[in-house]
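Shown next, in structure tokens, is the structure this report addresses.
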Amino acid sequence: MSSSTVRRARPSTPTGAGDPPGDVLREIPLPPYVTGEDAQFAVRAVVVHAPRRWSGGTVCRNDASPHPCRLHRWGTRVLALRGLRDAEIAALIERGDPAAPVPTRPVA
């Protein structure tokens with residue numbers, strides 16, 4: 001277990017209740033600066049953990065947790081830090097290729 005991983009017991013919530021408000025311990029920490037490798041992992045996270053419509057609502061396609069799951073949220077935040085707009089992130093998800101290259105932003 002890495003030194004940045006925090007594990008704490010918390011009371012269980014009823015099925016379908018979701019995470020309690022302010023539950024920050026479940027968020028994956030962002031890297032101090034986003035490298036190309038981080039961005040590629042983020043593309044994989046948002047594509048593999050894409051939303052899926054289910055009888056109980058929208059769930060993560062990979063693990064059936066309520067969408068957006070924590071890996072999808074992490075991937076979206078990393079790609080936003082890399083300079084991608086929401087429409088560009090949505091296009092990556094729509095494409096469905098976890099190995100798709102990260103679009104580059106023109107340098108101003």
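FYI, side chains are in, hydrogens and waters are out, and symmetry mates aren't considered; it's all heavy atoms of this structure. Along the sequence shown, residues carry numbers from 1.
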Has the side chain of [X] got a donor or acceptor atom that lies under 3.5 Å from a matching backbone atom of [Y]?
X: His67; Y: Thr58; value: no
X: Glu94; Y: Ile89; value: no
X: Arg61; Y: Arg52; value: no
X: Arg82; Y: Val34; value: yes

To the closest 0.5 Å, what do you measure between [atom1] ([X]) and [atom2] ([Y])?
X: Arg70; Y: His49; atom1: CZ; atom2: NE2; answer: 9.5 Å
X: Leu79; Y: Asp38; atom1: CG; atom2: CG; answer: 10.0 Å
X: Thr35; Y: Phe41; atom1: OG1; atom2: CZ; answer: 8.5 Å

What heavy-atom pair brings [X] and [Y] nearest, and what distance separates the two atoms?
X: Gln40; Y: Pro101; result: OE1-CA, 4.1 Å
X: Ile93; Y: Pro51; result: CG2-CD, 4.5 Å
X: Val48; Y: Pro98; result: CG2-CB, 4.1 Å
X: Ala100; Y: Arg95; result: CB-NH1, 3.7 Å
X: Pro29; Y: Trp74; result: O-NE1, 3.3 Å
X: Gly75; Y: Val46; result: C-CG1, 3.6 Å

Next item on the list: For the pair His72 and Thr76, evaluate side-chain contact (heavy atoms from CB on, under 4.5 Å) and give the outcome as yes or no after the intermediate values.
Entry: CA-CA 6 Å; His72 187 88; Thr76 302; 3.7 Å; yes

Next item on the list: Quick one: do Leu84 and Val102 satisfy side-chain contact (heavy atoms from CB on, under 4.5 Å)? Show the steps, please.
Entry: CA-CA 9 Å; Leu84 273 69; Val102 181; 4.2 Å; yes

Next item on the list: Flag yes if more than 12 heavy atoms outside Arg44 fall under 6.0 Å of its CZ atom; otherwise flag no.
Entry: no

Next item on the list: Report yes if the side chains of Leu92 and Pro103 come closer than 4.5 Å at any heavy-atom pair, otherwise no.
Entry: yes

Next item on the list: Give a yes or no on whether Leu71 and Leu81 share a hydrophobic cluster (residues Ile, Leu, Val, Met, Phe, Trp, Tyr; joining criterion: side-chain heavy atoms under 4.5 Å apart).
Entry: yes

